[in-house]
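To keep things clear, I will list the structure first and then write my remarks on it.
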Amino acid sequence: MFQPVPARPDLVALEHGVLAQWRERATFSRLRAQNAGGKPWSFLDGPITANNPMGVHHAWGRTYKDLFQRFHAMLGEDQRWQNGFDCQGLWVEVNVERDLGFTSKRDIEAYGIAEFVSLCKQRVLTFAARQTEQSVRLGMWMDWNDPEELRRLRDLLAVDPSQTTTIQGPHGPITDTVEQLVGRLGMPDVGGSYFTFSNENNDLIWGFLRECNKRGWIYKGHDSMPWCPRCGTGISQHEMTEGYQDREDPGLTVRFPLVDRPGEALLVWTTTPWTLAANVAAAVGPELEYVRIRQADATFWIGKGTLKQSVRGPFEVLESRKGSELVGWRYTGPFDDLAAVREAFAKGTRDAPDVPYEHRVIPWTEVGEDEGTGIVHIAPGAGAEDFQLGKSLGLPAIGPIDESGHYYSGFGWLTGREAPAVAEAIVDDLERRGFFYHLEPYNHRYPHCWRCQTPLLFRLVDEWFISMGPVYDQPRETLTREQVDASLRYQIMEIVDQIRWIPGFGYERELDWLLNMHDWMISKKRYWGLALPIYDCPNCKTFTVLGGVADLEELAQDGWEKFKGHTPHRPYIDEVTIRCSGCGEPVQRIADVGNPWLDAGIVPFSTIHFREDREFWEKWFPADFITESFPGQFRNWFYAMLAMSTVLRREPPFRTIFGYGTLVGEDGRPMHKSWGNSIEFDEAAERMGVDVMRWMYASARPEDNILFGWHTADGARRRLLVLWNTYSFFVTYARLAGWTPTAARAAESPMDRWVLARVARLAAAVEDRLQDVDPAAAARLIDAFIEDLSTWYLRLSRRRFSRNADPADRDAAFSTLHAALVTVTRIVAPILPFMADDMYGNLVPAFDADAPDSVHLTSWPSQEVARFADPALETAMAMARRVVDLTRTLRGTAGLRVRQPLARMWLALPGADVRLVETLLGLIAEEVNVKAIERIDDESTLVDRRVKPLLPKIGKRLGAAIPAVMTAARDGAFELHADGSVTLGGVTLAADEVEILATPRPGTAVAHDEGLVVVIDTDLTPALRAEGDARELQRAIQDLRKDAGLDLDARIELWVAGLPAEVEPHLASVARETLADTVTQGAAPEAGGATQASVELTNGTASIAIRGLQAGSTGT
RNA sequence: GGGGGAGUAGCCCAGUCGGUUAGAGGCGCCGAGCUUAUACCUCGGAAGUCGGAGGUUCGAGUCCUCCCUCCCCUACCA
């Protein structure tokens, strides 16, 4: 017997039960064993940052990852099932700093880098364990580490990283120091998720960097770079985009008095007053027009086009000149007395190093007039474009601030002060000294640190880059081999060409990024991350890039013993000096750590053992499939993998990339705790259940944002409950009937054959959609099927499952519904792993000793059910359903409820499948409660024929004659010819250029749709009315049974009073349908525990009462 | 600033090669009906200047031009 199933399931409890069962039965290990040796399907997991608990947005992507892995497992394909954690970088550092209450890098240095780095590792282990547990809860099947073991390693690491311990690997126990075991996580002997902080990961990046250096692509850049004063590090172009925010800055207009033109001054505008101390020049547009104006006793030079926005108060224009005429004018800078300025200027320019430099006007074609004064303040030490401009003219550069954003010494009263905070003081100072002109707040988008939201400053620094190569000003297809070989970006583009991008715009977007990106800045002046293997000799200016820790050991001069035994992280790695390849002097590693996208970009190599097991690597590389949320990844993970694979192999690291959008609250706004639209993963899992979440995710259109919230979840749950209710119905009635699955029997009735045909098509169609990476379409197909199964198959077949049904037909119905449900559980298993397995577990294993005990161990069912396919039957059934709809509409307008039987209806059917539809007439008649259906033929007086010209076929040919033809068609003014052609509107159309449809004659009570015409006989005889009354009576009694909470098979006593005589003949059948053992004409006895009601019938009101005969019946 | 996408019913959104009556679907609303699997489901209804303006065409939600709004990518305009 099937286990009883509640009508309203507790999905969360169900999920916990299934999780326990998977654990106890080792279901996942058995699946892996079962598919071992199968055709490989290589999924590569993009690492999730192990820095916080995972959120519902992660669950979206992880649902995709899991559903595709499960689907391919059902195809029998072998997989690696390796999850990944992203471990290194500023993300983790910032949180550790916050926990410690640190505000600057000085705090970290004081605390100790070794201890700080250890805390970063511990944090990663903490959240790797946490995310592992959450992912398991989501139903994600991966080769997970035991979270307790990760926490144990973390705790041991905190106490003493050098202590020895033992963990269980897939091939037996492994003993090593805690630090080394942590560094070996994810490697073949240790197993489990990969961690990007692993020794192997870091080491392979070193190899990649050495390869880049071999080709001359690594260089040290000296530039004005965006810089976060809080984090104390430069911000790369990749990171800038994420940090733009609206911000109000002081819009300050200052006067720069001209040295050679007494009484005249330039008006210059800036939004960063702190950079004025680094001013070197004032730029004008050589082609722009500038005017000299008089205001009170002062005269100013200003861009003509900026007068309106920049000049306050009345003024008089004195003269006008082109910008090029201003070039070379000397002016007095606002901070010329500062030692740092004097010192920088004393060195002169590149072209005249012996003559002290003086502030002057320089030309710059980029100067515009939309904002400011048309004269641009240039500070090469505090702005990127300024730096480039200064460099091209050989001007000096003044770098005013240190890594925490404070002025260096040599800046007088500014020294030691925080640059962004001195704006007000500088304004006061300038006002006092006569440099001030005007100040007003200015709102603009300004770059901020993506991690800590601090506004960025521009600072003169050295950073390390991988050159992306030249951008050629010509179409890609015209590039020569030599050009491509000289430019990494075009090499990557060739790789991008070989990848399938879903959605398609990802392809263009990646190419666009590659074409426009700057060189890849790989250095970060921080602590926790890849130790860049760059040894920059201060002595001879050559730098060495190592290709692995083995190189380091070989070249080590000093400090190897201090490093030995540690993972390749700061501070220990910094202890080792090597011999400079240029001059032989000892040289230290640069202090910088690496860009974290190097860490994630190498995983197509590091996680599949590129170095230590080439055969394995070749089996799994390239990945068949990756999927990630696309915001950011075109310039981050996707880019890093593409770049690294291009350098190392010049082949694609993955074949198909499936990107998806952003998860927002159900109000369409980003989730935000203070907006009340934010939902934590754990809360969602335990309140809505993860199958519901997975259904929402799978159904979402990936390229759009998904709206996630409790209400949208309710919608998804409703859909799933329809499936559940079908299953619950089946189990309830199978138990009542004592039916259990037996050898499959051929379905005979059209309805049974139809539902099996439907499920066969579903299996094939879902397979097709999932193979084509279109889960949303797969979910839509499943959704439509559930609807068909419940509201058509089951609705019409319900009586066949009842106790009174014909036993053979009832068996057929049970057998069919069982087969359909079992197949559906297998189809939905990848998306709804819990509900599917729970249903399957009840439907199958107890009755089939050969069947797997989990749906996830079954194979994809499309082959097995393919023989049920029957498209013609499906088409005919669709027509039958439309007939039923039309008939219901007619009954509604005529005020005839479906319970009221009708004598007959007439039906006009178009098309060729008439014979097939005829086999369905019985179904239609029963569903719409009519005694007989008559076909309407062409000669019928009930319908006319109508011509529908097929416009796409005739449009081009007829052109301007169309309106006349269409008017004639509408008016029915046409002439039919024997060969099927039609003349109308003065034109003759061939048979294949028109459709002939039936249409109701005006004035008839009919419904129609695309030539399908339904007419009902609304004439009610007394016999029909009596029969309707009987149905009414029967329904009222069933309602009473429901009210009384009686079991489905409880027998009852029935009393009926006031029943009109004409209904009496039907009483016996009413009693049979309502399981009434006794029927008494008259009122129920007083105080008999009976439930009563009254029923409105055609000829009066009847009173009814029932009493259950079955002891202790308290409902289902 | 440059590039891409989008704008269709109260909301989320389909809409093919241009085809005459704008609608697959979902949510919501109104009305009716059905029902001992389903506080569910079915049927019907209301409601739209297809962002705006021009153009091409026998015919435009669909193609073209310009404009408006939103989103995404990209960008240090001082």
Side-chain angles (χ1 to χ4, degrees), chain A residues 5 7-8 224-226 237 240-241 244 251 268-272 275 283 364 366-368 370-379 383-387 444-447 456 458 505 508-509 512-513 516-517 630-631 634-635 661-662 666 668 699 701 703-705 707 711-712 714-715 718-719 721-722 724-733 780 783-784 787 790-791 794-795 798 801 884-893 895 897-899 949-955 958-967 970 1035 1037-1048 1074 1115-1116:
Chain A
V5 170
R8 299 180 67 75
S224 261
M225 299 279 302
Q237 182 207 4
M240 287 281 284
T241 311
Y244 277 87
V268 173
W269 183 69
T270 182
T271 58
T272 50
T275 64
W364 188 29
E366 297 300 304
V367 174
D370 295 342
E371 288 173 317
T373 60
I375 306 177
V376 177
H377 152 59
I378 298 296
E385 277 181 312
D386 307 47
F387 184 85
H444 60 155
R445 274 166 65 73
Y446 191 84
L456 301 182
F458 282 80
F505 63 73
E508 280 84 18
R509 206 174 269 191
D512 185 59
W513 166 256
N516 292 303
M517 74 171 294
F630 38 60
F634 291 102
R635 62 175 186 278
T662 306
E666 62 188 350
S699 312
R701 283 171 320 181
E703 61 268 46
D704 282 356
N705 290 346
L707 305 181
H711 294 101
T712 50
D714 281 341
R718 262 204 299 276
R719 308 307 302 165
L721 287 187
V722 173
W724 182 269
N725 284 321
T726 309
Y727 160 68
S728 165
F729 171 92
F730 168 81
V731 170
T732 303
Y733 280 84
R780 271 196 301 276
D783 192 63
E787 185 79 10
S790 169
T791 64
L794 196 52
R795 177 186 168 83
R798 210 162 45 200
F801 295 92
V884 169
D885 285 350
L886 292 171
T887 311
R888 288 202 188 112
T889 304
L890 277 180
R891 295 187 76 114
T893 49
R897 49 182 49 163
V898 177
R899 276 196 297 279
L950 298 173
L951 276 166
K953 285 191 174 175
I954 62 171
L958 296 186
I962 295 272
V965 170
M966 296 309 290
T967 304
R970 260 193 295 274
R1035 190 191 63 83
I1037 296 166
Q1038 300 288 30
D1039 272 354
L1040 274 186
R1041 291 181 58 106
K1042 198 176 184 179
D1043 290 346
L1046 294 175
D1047 276 346
L1048 290 182
T1074 59
T1116 50

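All chains are named by letter (A, B, ...) in the order of the sequence lines, taking the proteins before the strands, and each is independently numbered beginning at 1.
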Might you work through the side chain to side chain contact (heavy atoms under 4.5 Å, CB included) test for R798(A) and F729(A), ending with a clear yes or no? CA-CA 9 Å; R798(A) 210 162 45 200; F729(A) 171 92; 3.6 Å; yes
On a whole-Å scale, what distance lies between the P atoms belonging to rC50(B) and rC63(B)? 16 Å
Return the value, rounded to whole Å, for the distance between atom OH of Y727(A) and atom P of rA37(B). 18 Å
Check: E787(A) main-chain N/O paired with T791(A) side-chain donor or acceptor under 3.5 Å: yes
Take atom P in rU8(B) and the same atom in rG51(B), then report the distance between them in whole Å. 6 Å
First encountered from the 5' end of RNA chain B, between S728(A) and F634(A): S728(A)
When rounded to the nearest Å, what value does the distance between C1' atoms of rG23(B) and rA9(B) take? 10 Å
Distance-only, no hydrogens or angles: does the N516(A) side chain make a donor-acceptor pair with backbone N or O of D512(A) under 3.5 Å? yes
In whole Å, measure the gap between the C1' atoms of rG1(B) and rU57(B) for me. 37 Å
rA78(B), rC76(B), rC34(B): which one has an atom nearest the side-chain heavy atoms of E385(A)? rC76(B)
In this structure, how many angstroms lie between the P atom of rG33(B) and the CZ atom of R1035(A), rounded? 10 Å
Protein-nucleotide distance (W513(A), atom CH2; rG3(B), atom P), rounded to Å: 19 Å
Scan every strand shown for a Watson-Crick or G-U wobble partner of rC70(B), both distances under 3.5 Å, and answer none if you come up empty. rG5(B)
Of the nucleotides rA78(B), rA37(B), rC40(B), which has the atom closest to the R8(A) side chain? rC40(B)
Has R899(A) got a side-chain N or O lying under 4.0 Å from the OP1 or OP2 atom of rU35(B)? yes
Could you give the CG-to-P distance, from L456(A) to rC77(B), as a whole number of Å? 12 Å
Identify which nucleotide among rC73(B), rU42(B), rU35(B) has an atom closest to any side-chain atom of T791(A), counting heavy atoms from C-beta outward. rU42(B)
CD1 of I954(A) versus C1' of rG18(B): gap in Å, rounded? 14 Å
Contact under 4.0 Å: Y733(A) side-chain N or O vs rA37(B) OP1/OP2: yes
Side-chain N or O of R509(A) closer than 4.0 Å to phosphate OP1/OP2 of rG4(B): no
Nucleotide of rA78(B), rC73(B), rU35(B) approaching V376(A) most closely (side-chain heavy atoms): rA78(B)
Students often get this wrong, so: under 4.0 angstrom with heavy atoms, is G383(A) touching a base, only sugar-phosphate, or nothing? nothing
Quick one: label G955(A) by what it contacts on the DNA or RNA (base, sugar-phosphate, nothing), any heavy atom closer than 4.0 Å. base
What interatomic distance, in whole Å, is found between C1' of rA6(B) and the corresponding atom of rU62(B)? 15 Å
When rounded to whole Å, the CG to P distance for the pair D512(A) and rG1(B) reads 18 Å
Considering only the C1' atoms, how many Å lie between rA60(B) and rA53(B), rounded to the nearest integer? 15 Å
Separation of rC41(B) atom C1' from F729(A) atom CZ, nearest Å, is 14 Å
Hey, mind stepping through F801(A) and L794(A) against side chain to side chain contact (heavy atoms under 4.5 Å, CB included) and telling me if it holds? CA-CA 10 Å; F801(A) 295 92; L794(A) 196 52; 3.9 Å; yes
Expressed as a whole number of Å, how far does the C1' atom of rC12(B) sit from that of rG7(B)? 14 Å
Contact class for L794(A) (heavy atom, under 4.0 Å): base, sugar-phosphate, or nothing? base
F387(A) and F458(A) aromatic centres sub-6.0 Å: no
Sort out the partner of rG19(B) for me: Watson-Crick or G-U wobble, both distances under 3.5 Å, none otherwise. rC58(B)
D783(A) has an atom CG; how far is it from atom C1' of rG25(B), in whole Å? 9 Å
R719(A) has its side chain closest, among rA78(B), rA37(B), rC41(B), to rC41(B)
Establish whether the base of rA37(B) is bridged to the side chain of S790(A) by a donor-acceptor pair shorter than 3.5 Å. yes
Which nucleotide wins on minimum distance to the side chain of R718(A), given the candidates rC34(B), rC27(B), rA78(B)? rC27(B)
Please check this pair: side chain of Y446(A) against backbone of L456(A), looking for a donor-acceptor N/O pair closer than 3.5 Å. yes
Can you name the closest pair of heavy atoms from T373(A) and V268(A) and give their distance? OG1-CA, 3.6 Å
Taking only the C1' atom of each, what is the distance from rG18(B) to rU74(B) in whole angstrom? 35 Å
Using a heavy-atom cut-off of 4.0 Å across all strands, would you classify V731(A) as base, sugar-phosphate, or nothing? nothing
Which of these nucleotides, rU42(B), rU74(B), rA78(B), is closest to any side-chain atom of T272(A)? rA78(B)
Gap between atom OG of S728(A) and atom CG of L721(A) - 0.5 Å precision: 10.5 Å
Scanning all shown strands, the Watson-Crick or wobble mate of rU35(B) with both distances under 3.5 Å is none
Using purine N1 to pyrimidine N3 plus N6-O4 or O6-N4 for Watson-Crick, or N1-O2 and O6-N3 for G-U wobble, both under 3.5 Å, which nucleotide pairs with rA78(B)? none
Taking only side-chain N and O atoms of R798(A), does any of them lie within less than 4.0 angstrom of OP1 or OP2 on rA37(B)? yes
Please check the phosphate of rU74(B) (OP1 and OP2 only) for any side-chain N or O of R635(A) closer than 4.0 Å. yes
Which nucleotide, rA78(B), rU35(B), rA37(B), lies nearest any side-chain atom of T271(A)? rA78(B)
